Amino acid sequence: MMDNKTFLIVGLIIAIVIGVLAVFLASGDPDGLESTALMVSGQKDLTGAAPEDGNPEAVGTGTFAYESPMPDYSLGESMGAAGGLVAIVVGIFLTLLVVLGATWLVGMAGRKTKS
Amino acid sequence: MHIPDAFIPIPQAAVYWIIALIFLALAVRWAKNEMDEDKIPLVAVLAAGIFALQSFNLPVTMGTSGHLVGGALAAIVLGSPFGAIFILTLVLIIQGFVFGDGGITTMGANIINMGVIGGYVGYYSFQGIKGITKNTLVSAGIAAWLACLIPSLACALEMFLAGTFPLVPGLMAMGIYHAAIGIIEGIVTAAVIYLLSQARPDLVNSTIGAEAA
């Protein structure tokens with residue numbers, strides 16, 4: 001049986017392998033929500049292929065807009081797959097750090113209330 | 001099923017945020033009691049793995065793709081719907097703020113769909129189905145399928161209330177696509193639970209039932 005440190009490292013390596021494979025192998029088709037948005041706006045049939053230049057967000061009426069630093073898990077078209085790899089690895093480590101930070105904070109608060 | 005900012009008007013998005021924050025407060029209270037030096041690495045690996053798997057879209061025909069959401073996985077492995085709320089919220093914060101996957105104003109709705117509804121449906125249907133089938137992996141697979149389908153229908157209702165989708169076509173398309181995407185959810189959830197039961201039976205046997213190992 002693995003100790004905690006080995007488990008964390010092995011888990012992290014598996015996550016990175018999955019993320020790297022995803023950069024090259026993930027499907028570019030719209031997800032279920034986007035596909036539905038394309039369908040209800042007449043850009044796609046229920047079971048038909050996704051349009052090349054469809055815009056799922058055309059159906060939305062919201063006004064709020066936010067520019068993320070790495071939209072669509074990439075560093076922009078010019079960086080291509082290399083940008084995608086950087087984005088996904090950054091994302092995995094960021095997830096790890098945020099979780100460790102959040103559990104640490106929660107743990108600190110927990111000890112305070114118990115004492 | 002990450003809802004972008006454009007899909008929900010801000011006043012409605014605020015209501016979902018308030019509901020999400022209530023569940024998040026409960027999830028933090030859960031985490032306070034549950035987190036120890038064994039559970040922290042498990043939560044960290046689950047979160048990193050769910051983040052990576054969520055970037056891996058697989059084709060499900062019909063011009064559509066989908067990926068694991070992970071609500072059922074987190075809830076079953078951690079033995080509580082709050083485990084799903086805790087992990088999915090952190091993953092959604094990073095996806096929304098850093099990668100533009102899912103909106104900021106709509107993050108509350110996304111937390112409700114994937115964390116709260118996904119977590120509750122995944123956890124309780126796993127318990128119920130396992131009582132009948134006595135098989136951990138089959139039960140986890142079916143529970144995960146439901147935990148993909150039912151949040152997608154909730155999402156379709158929210159889209160109807162937002163004036164973004166018409167009711168019946170929205171429910172139908174979301175349901176059909178996520179019934180297909182749910183097969184990915186079911187297989188990946190069962191596979192990850194099997195791997196965890198092999199790697200760390202001490203951490204998961206009490207929540208998933210020992211016979212999987």
Side-chain angles (χ1 to χ4, degrees), chain A residues 1-2 4-5 7-8 10-12 14-16 18-19 21-22 25-33 35-37 39-40 44 46-50 57 59-73 87-88 90-92 94-96 98-100 102-103 106-107 109-110 113, chain B residues 1-10 28 31-33 35 37-38 40-41 43-45 47-49 51-53 55-59 62-66 90-91 93-94 97-101 103-105 152 155-156 162-166 169-170 173-174 176-178 181 199-202:
Chain A
M1 199 173 72
M2 292 179 194
N4 283 340
K5 197 174 156 198
F7 176 74
L8 190 62
V10 170
L12 199 58
I14 293 174
I16 291 169
I18 291 167
L21 287 174
L25 299 177
S27 165
D29 278 342
D31 75 9
L33 179 65
S35 240
T36 304
M39 195 204 80
V40 300
K44 176 184 179 308
L46 179 62
T47 57
E57 302 207 12
V59 75
T61 54
T63 48
F64 183 85
Y66 168 78
E67 278 298 319
S68 66
M70 292 184 257
D72 295 325
Y73 304 91
I88 202 74
V90 167
I92 289 168
L94 212 51
T95 305
L96 187 75
V98 166
V99 168
L100 292 178
T103 50
V106 163
T113 55
Chain B
M1 68 184 93
H2 291 56
I3 305 168
D5 280 309
F7 280 15
I8 303 181
I10 289 172
V28 167
K32 258 184 218 174
N33 293 324
M35 286 306 129
E37 58 185 48
D38 282 333
I40 290 174
V43 170
V45 166
F51 175 84
L53 283 163
S55 75
F56 209 146
N57 277 60
L58 294 166
M62 304 181 284
T64 304
S65 70
L90 296 175
V91 169
I93 287 171
I94 291 167
F97 282 102
V98 183
F99 299 102
D101 191 10
I104 307 300
T105 57
S152 82
C155 181
T164 303
F165 293 175
M174 286 295 279
I176 289 171
Y177 293 143
H178 289 89
I181 295 168
R200 289 300 297 267
D202 60 313

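No hydrogens, no waters, no symmetry mates; every other heavy atom, side chains included, goes into these values. The structure presented is a predicted model; accordingly, all values stated were derived computationally and were not measured.
- Put simply, of A:Val10, A:Leu46, A:Ile88, the one with the most heavy-atom pairs under 4.5 Å next to chain B is A:Leu46.
- Looking at heavy atoms from C-beta onward, A:Asp29 lies out of side-chain contact with B:Met62 at the 4.5 angstrom threshold.
- Closest approach of B:Ala48 to A:Ala15, counting heavy atoms only: O-CB, 3.8 Å.
- Residue B:Leu58 touches chain A through its backbone alone, counting heavy-atom pairs closer than 4.5 Å.
- In this structure, A:Leu12 and B:Val45 have side chains that are not in contact, with every pair of non-hydrogen atoms separated by 4.5 Å or more.
- Of the inter-residue distances, the one linking B:Phe56 atom CZ with A:Leu21 atom CG reads 5.5 Å to the nearest 0.5 angstrom.
- Residue A:Asp72 qualifies as open at atom CG: its count of foreign heavy atoms under 6.0 Å is 12 or below.
- Only the side chain of B:Ile176 comes within less than 4.5 Å of a heavy atom of chain A; its backbone N, CA, C and O stay farther away.
- Interface remark: of the candidates B:Asp38, B:Ile181, B:Val43, B:Asp38 forms the most heavy-atom pairs closer than 4.5 Å to chain A.
- With respect to chain B, the highest number of heavy-atom pairs below 4.5 Å among A:Leu100, A:Leu94, A:Val59 belongs to A:Val59.
- Across every non-hydrogen atom of A:Leu33 and B:Ile3, the tightest pair is CD2-CA, 3.7 Å.
- Contact of B:Met174 with chain A is made through backbone and side chain together, with heavy-atom distances under 4.5 Å.
- For the atom pair CD (A:Glu57) and CG (B:Asp5), the distance works out to 8.0 Å, reported to the nearest 0.5 Å.
- Between B:Ser55 and A:Ala26 the shortest heavy-atom distance is O-CB, 3.7 Å.
- The contact between A:Thr61 and chain B is made by backbone and side chain atoms together, counting heavy-atom distances below 4.5 Å.
- Chosen from A:Gly32, A:Ala65, A:Gly62, the residue pairing most often with chain B at heavy-atom distances under 4.5 Å is A:Gly32.
- Residues B:Asp101 and A:Tyr73 have side chains that bring a donor and an acceptor to within less than 3.5 angstrom of each other.
- Heavy atoms closer than 4.5 Å to chain A are found nowhere in B:Ser152, neither backbone nor side chain.
- In this structure, the side chains of B:Val98 and A:Ser68 stay at 4.5 Å or more apart for every pair of heavy atoms.
- For chain A, the option among B:Gly103, B:Gly170, B:Pro59 with the highest count of heavy-atom pairs below 4.5 Å is B:Pro59.
- Counting only heavy atoms from C-beta outward, the side chains of B:Arg200 and A:Asn4 approach each other to under 4.5 Å.
- Neither the backbone nor the side chain of A:Ile16 comes within contact range of chain B; no heavy atoms are under 4.5 Å apart.
- When all heavy atoms of B:Ala44 and A:Leu96 are compared, the pair lying nearest together is CB-CD1, 3.7 Å.
- Residues B:Leu90 and A:Val98 meet the side-chain proximity criterion, which asks for heavy atoms closer than 4.5 Å.
- Contact tally against chain A (heavy-atom pairs below 4.5 Å) for B:Ser65, B:Ala173, B:Pro169: the top residue is B:Ser65.
- Both the backbone and the side chain of B:Phe97 come within less than 4.5 Å of a heavy atom in chain A.
- For B:Ala156, no part lies under 4.5 angstrom from a heavy atom of chain A.
- When each of A:Ser35, A:Ala102, A:Gly48 is checked for heavy-atom pairs under 4.5 Å with chain B, A:Ser35 comes out on top.
- Contact annotation for A:Met39: only side-chain heavy atoms (C-beta onward) come within less than 4.5 Å of a heavy atom of chain B.
- When each of A:Gly60, A:Pro30, A:Ala87, A:Ser27 is checked for heavy-atom pairs under 4.5 Å with chain B, A:Ser27 comes out on top.
- Among B:Ala31, B:Ala6, B:Ala199, the residue with the largest count of heavy-atom pairs under 4.5 Å with chain A is B:Ala6.
- One finds the CD atom of B:Glu37 at 12.5 Å from the OG1 atom of A:Thr103 (value rounded to the nearest 0.5 Å).
- Distance check: B:Ile8 CD1 to A:Phe64 CZ gives 13.0 Å after rounding to the nearest 0.5 Å.
- Counting heavy atoms from C-beta on, the side chains of B:Tyr177 and A:Asp31 never come closer than 4.5 Å.
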